[in-house]
Amino acid sequence: MAIKNFGQPQLVDQIIALDDERKRLQLAFDTTQAQVNAASKEIGQHMAKGDKAAAESLKAQVADWKQSLEPLKLSLAQSEKQLQETLVLLPNLPTAEVPAGKTPEDNVVVREGGEKPVLANGAKPHWELTQIHGLIDFELGNKITGSGFPVYTGKGAKLQRALVQYFLEFNTAAGYTEYLPPFMVNADSAYATGQLPDKEGQMYHATADDFYLIPTAEVPVTNIYRDTILKEADLPLKMTAYSPCFRREAGSYGKDVRGLNRLHQFEKVEIIQIVHPDQSAATLLDMVAHVEALVKSLELPYRILRLCGGDMGFAAAITYDFEVFSAAQERWLEVSSVSNFESFQTHRMKCRFKGADGKTQLAHSLNGSSLALPRILAALLENHQTPTGIRIPAALQPYFGSDTIGA
RNA sequence: GGUGAGGUGGAUGAGUGGCUGAAAUCAGUAGUUUGCUAAACUGCCGUACGGGUUAAACUGUACCGCGGGUUCGAAUCCCGCCCUCACCGCCA
């Protein structure tokens with residue numbers, strides 16, 4: 001809790017007290033209810049024998065019990081509700097490897113890779129490059145929707161498509177099964193993966209139907225396995241999905257939002273795994289290596305951070321962030337976040353598996369971006385710009401159909 | 001949007017007031033048997049939250065789409081909602 005810089009440690013004591021109270025009430029309720037059930041059965045037997053008097057006197061007794069049951073039922077329901085409401089306020093517990101800290105400055109750089117390019121004089125930030133080469137029309141997006149909803153045009157649109165295609169192929173080649181999920185989810189799904197109640201207000205909410213626009217494919221894809229009991233042999237489940245992502249980003253307007261750096265709608269390819277608890281730590285490293293290989297193949301300078309407790313998401317037990325260096329802006333841009341949620345999401349989702357001993361236990365879930373497109377595009381444009389155009393990395397050329405953009 | 005049918009355990013599918021947490025079949029699982037592939041037979045085989053135990057055994061409650069109601073007693077009757085399917089209308 002302290003590592004996560006979580007401000008309300010008293011919640012834990014509250015929960016324990018609430019749970020004790022709940023148990024007390026349930027025991028009281030169950031015992032009385034058991035008496036009622038037994039008596040009801042007896043009444044049936046008396047009726048069958050035609051012993052009306054005995055039946056009637058029992059009925060009176062049952063009516064009595066039921067009266068005392070009413071208030072118990074109410075307080076039990078209230079107690080359960082209260083416990084539930086308090087429980088969902090609790091973030092996941094960080095693992096032992098997570099550094100303590102409050103801000104991004106406390107994150108630990110695990111390693112760096114790739115080479116920062118030396119840009120020629122006159123190198124431009126991506127928001128100028130996209131204009132010069134006619135790749136994105138931000139103004140048009142303003143007109144159609146609002147800020148943060150860019151319109152990709154011509155080669156820009158094609159490059160987006162090429163990136164999505166490449167990422168999906170890269171993931172399926174590594175054994176991930178491709179999904180194309182719904183882009184809106186119901187509240188149950190949003191609770192299960194931890195967006196609700198924590199991120200209420202950050203998601204677009206279609207109130208007429210009470211649907212939420214997904215902030216990431218993680219939400220619909222992980223929820224595929226909500227309320228399921230898997231077989232141990234089914235694990236690990238490896239899934240990948242492309243989706244647009246919608247984020248309100250309320251309160252984050254400012255200097256960092258220029259161009260592609262922060263959008264309300266962006267494209268992303270996600271990888272998700274549901275694994276045996278014994279495997280999740282190793283799986284996390286696998287996924288990090290997988291994303292690293294992907295970033296490398298785009299010939300971008302990158303670094304991998306282990307997030308400190310305070311910078312991690314609500315649901316994560318441990319998170320590695322990938323940042324690529326955006327050469328003209330001279331800043332690092334987060335392009336992927338790979339996390340192990342352990343049993344946090346699966347607990348909310350009731351995603352379990354039946355082990356060899358026949359007992360059901362919670363699986364572990366993990367996910368990561370592979371990758372978030374707009375910032376990758378920004379870095380690609382800025383790092384691979386030449387006086388005459390944009391160089392397309394070799395890995396991407398088969399999907400883009402060309403090795404350069406521009407003259 | 002209109003009309004009709006329907007939502008039962010992993011699947012198919014019985015079940016119209018008490019003997020039903022729920023038949024049967026399939027799948028799954030443990031075992032027996034037949035010299036392999038395969039088949040036959042037998043047992044087991046829902047979940048959650050409690051009590052209990054070192055752990056079990058054992059035991060209570062709830063759950064047959066969701067929420068209410070009627071009744072001593074509801075999968076079964078009544079009301080509301082959601083969803084699915086079919087046909088019609090509209091439409092990419």
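Every chain is numbered from 1, with letters handed out A, B, ... down the list of sequences. Just so we're clear, the structure is a prediction, and the values are computed from it rather than from any experiment.
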Heavy-atom protein contacts under 4.0 Å, nucleotides 43-57 of chain B, coded B base, S sugar-phosphate only, - none: ----SSBSS------
Applying the Watson-Crick and G-U wobble criteria at under 3.5 Å, what pairs with [N]? Answer none if nothing qualifies.
N	value
B/C77	B/G69
B/G10	B/C26
B/C90	none
B/U61	B/A48
B/U32	B/A40
B/G21	none
B/U84	B/A5

Contact class for A/Ala34 (heavy atom, under 4.0 Å): base, sugar-phosphate, or nothing? sugar-phosphate
Categorize A/Leu58 for me: base, sugar-phosphate, or nothing, with a 4.0 angstrom heavy-atom threshold over every strand shown. nothing
Give every pair of a protein N or O atom and an N or O atom of nucleotides 82-84 of chain B that lie under 3.5 Å apart, one pair per line with the distance.
none

In whole angstroms, how far is the [atom2] atom of [N] from the [atom1] atom of [X]?
X	N	atom1	atom2	value
A/Phe353	B/G10	CZ	P	18 Å
A/Met47	B/C19	CE	P	15 Å
A/Asn37	B/U20	CG	C1'	14 Å
A/Lys41	B/G18	NZ	P	12 Å
A/Asp210	B/C66	CG	P	19 Å
A/Asn186	B/C81	CG	C1'	15 Å

Under 3.5 Å donor-acceptor pairs involving side-chain atoms of residues 137-146 of chain A, not counting sequence neighbours:
unit_1: A/Asp137; atom_1: OD1; unit_2: A/Glu139; atom_2: N; d: 3.2
unit_1: A/Asp137; atom_1: OD1; unit_2: A/Leu140; atom_2: N; d: 2.9
unit_1: A/Asn142; atom_1: OD1; unit_2: A/Ser147; atom_2: N; d: 3.3

Quick one: list whatever passes side chain to side chain contact (heavy atoms under 4.5 Å, CB included) with A/Ala174, sequence neighbours left out. A/Tyr176, A/His290
Please name all residues satisfying side chain to side chain contact (heavy atoms under 4.5 Å, CB included) with A/Ala162, sequence neighbours left out, ordered by chain then number. A/Tyr399, A/Phe400
Will you find, in the side chains of A/His126 and A/Glu382, an N or O donor that is under 3.5 Å from an N or O acceptor? yes
Tell me yes or no: between the side chains of A/Asn223 and A/Arg226, is some donor less than 3.5 Å from an acceptor? yes
Just grab all the side-chain hydrogen bond (donor to acceptor under 3.5 Å, both in side chains) pairs involving residues 13-39 of chain A, residues at least two apart or on different chains. A/Asp19-A/Arg22, A/Glu21-A/Arg24, A/Gln26-A/Asp30
Any ring-ring contact (aromatic ring centres under 6.0 Å, His included) pairs touching residues 211-232 of chain A, not counting sequence neighbours? A/His205-A/Tyr212
Could you list the donor-acceptor pairs under 3.5 angstrom formed by side chains in residues 298-316 of chain A, with sequence neighbours left out?
unit_1: A/Glu299; atom_1: OE1; unit_2: A/Arg391; atom_2: NH1; d: 2.9
unit_1: A/Glu299; atom_1: OE1; unit_2: A/Arg391; atom_2: NH2; d: 3.4
unit_1: A/Tyr302; atom_1: OH; unit_2: A/Glu292; atom_2: OE2; d: 2.6
unit_1: A/Arg303; atom_1: NE; unit_2: A/Glu323; atom_2: OE1; d: 2.8
unit_1: A/Arg303; atom_1: NH2; unit_2: A/Glu323; atom_2: OE1; d: 2.8
unit_1: A/Arg306; atom_1: NE; unit_2: A/Tyr320; atom_2: OH; d: 3.3
unit_1: A/Arg306; atom_1: NH2; unit_2: A/Tyr320; atom_2: OH; d: 3.3
unit_1: A/Asp311; atom_1: OD2; unit_2: A/Asn107; atom_2: ND2; d: 3.0

Considering only residues two or more places apart or on different chains, which pairs with a residue in residues 150-166 of chain A satisfy salt bridge (charged side-chain N to carboxylate O under 4.0 Å, His left out)? none
Let me check something: any side-chain donor-acceptor pairs from residues 50-67 of chain A under 3.5 Å, sequence neighbours excluded? List them with distances.
unit_1: A/Asp51; atom_1: OD1; unit_2: A/Ala54; atom_2: N; d: 3.4
unit_1: A/Ser57; atom_1: OG; unit_2: A/Ala54; atom_2: O; d: 3.2

So, with a heavy-atom separation below 4.0 Å from RNA chain B, the residues of residues 59-75 of chain A are A/Lys59, A/Val62, A/Lys66
Can you classify the ring geometry of A/Phe149 versus A/Tyr204 as parallel (below 30°), tilted (30 to 60°) or perpendicular (above 60°)? tilted
Enumerate donor-acceptor pairs with a distance under 3.5 Å from any side-chain N or O in residues 70-85 of chain A to protein atoms, sequence neighbours excluded.
unit_1: A/Ser75; atom_1: OG; unit_2: A/Pro71; atom_2: O; d: 2.8
unit_1: A/Ser75; atom_1: OG; unit_2: A/Leu72; atom_2: O; d: 3.4

